[in-house]
Amino acid sequence: MKLVSVVPGYARFYQCKNCSVQVKKNEVGDQEDQKESVEKTLSEKLKSAGRESHRKWFDRWFLKNNVEKWMMESASKGYQSSTIRVDNQEEYLKNRLSDKRTIEKLKERLGQGIDITFKEEHSKNLLGWPVYKSYILIKW
């Protein structure tokens, strides 16, 4: 292809050797495509960092709270389910526990036969004040 003309900052026109067709290449569009791919790359990096951060946090939290042992103790006392309160935790832990990835990781870690759901309840107390409860329900 032979360069026929250039419009600065906008487009380049090329002509094929064996034909009379001109091909227009848009420099601005190419720059936008490059920016978009860089943004996608940055976006993917941010998502990946978030996933990795959540995975590390979950592994530490799971081991620290000894969830499997705690469930075995509850089962030995005759309970068929248990809860992890979310609403009365500090803000950081509340955000982590209410994240849908936490439920997915719990299901993955605890295996089949154990039902894990995130529950939210809105009600009013005796004085009419709103009460909000959120927890993770684990049934076996």
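None of these values were measured; they are calculated from a predicted model.
Ser98 places a side-chain N or O within donor-acceptor distance of the main-chain N or O of Lys94, the cut-off being under 3.5 Å. With Asp99 contributing its side chain and Arg101 its backbone, the two residues share a donor-acceptor pair below 3.5 Å. In this structure a side-chain-to-backbone donor-acceptor pair under 3.5 Å is present from Asn125 to Gly128.
For the pair Ile136/Thr117, no side-chain contact is recorded, criterion being any heavy-atom separation below 4.5 Å from C-beta on. Put simply, the side chain of Met71 does not reach to within 4.5 Å of the side chain of Tyr79, judged on heavy atoms. Residues Ile138 and Asp115 have side chains not in contact (no heavy-atom distance under 4.5 Å, counting atoms from C-beta outward). Between Trp57 and Phe62 the shortest side-chain heavy-atom distance does not fall below 4.5 Å. The shortest side-chain heavy-atom distance between Leu137 and Phe118 does not fall under the 4.5 Å cut-off. Inter-residue side-chain proximity for Thr102 and Phe58 is flagged as met; some heavy-atom pair is nearer than 4.5 Å. Between Ser82 and Trp140 the shortest side-chain heavy-atom distance falls below 4.5 Å. Counting heavy atoms from C-beta on, the side chains of Leu93 and Glu90 come closer than 4.5 Å.
Put simply, Ile116 and Tyr135 are part of two different groups of oily side chains (I, L, V, M, F, W, Y) that touch within less than 4.5 Å, one to the next. Trp129 is not connected to Tyr132 by any chain of hydrophobic side-chain contacts under 4.5 Å among Ile, Leu, Val, Met, Phe, Trp and Tyr, and they are in different clusters. Under the 4.5 Å side-chain heavy-atom criterion for grouping Ile, Leu, Val, Met, Phe, Trp and Tyr, Ile103 is not connected to Leu63 through any hydrophobic cluster.
Crowding of Glu120 atom CD: a count of heavy atoms from other residues, nucleotides or ligands under 6.0 Å exceeding 12.
A salt bridge links Arg109 with Asp59; the closest basic N to acidic carboxylate O contact falls under 4.0 Å.
The shortest non-hydrogen separation linking Lys139 to Ser81 is CG-CB, 3.7 Å. Trp70 approaches Asn65 most closely through the heavy-atom pair CB-O, 4.4 Å.
In this structure Asp87 satisfies the salt bridge (Lys or Arg N to Asp or Glu O under 4.0 Å) test together with Arg85, sequence neighbours excluded. With sequence neighbours excluded, the residues forming a salt bridge (Lys or Arg N to Asp or Glu O under 4.0 Å) with Glu52 are Arg55, listed by chain and number.
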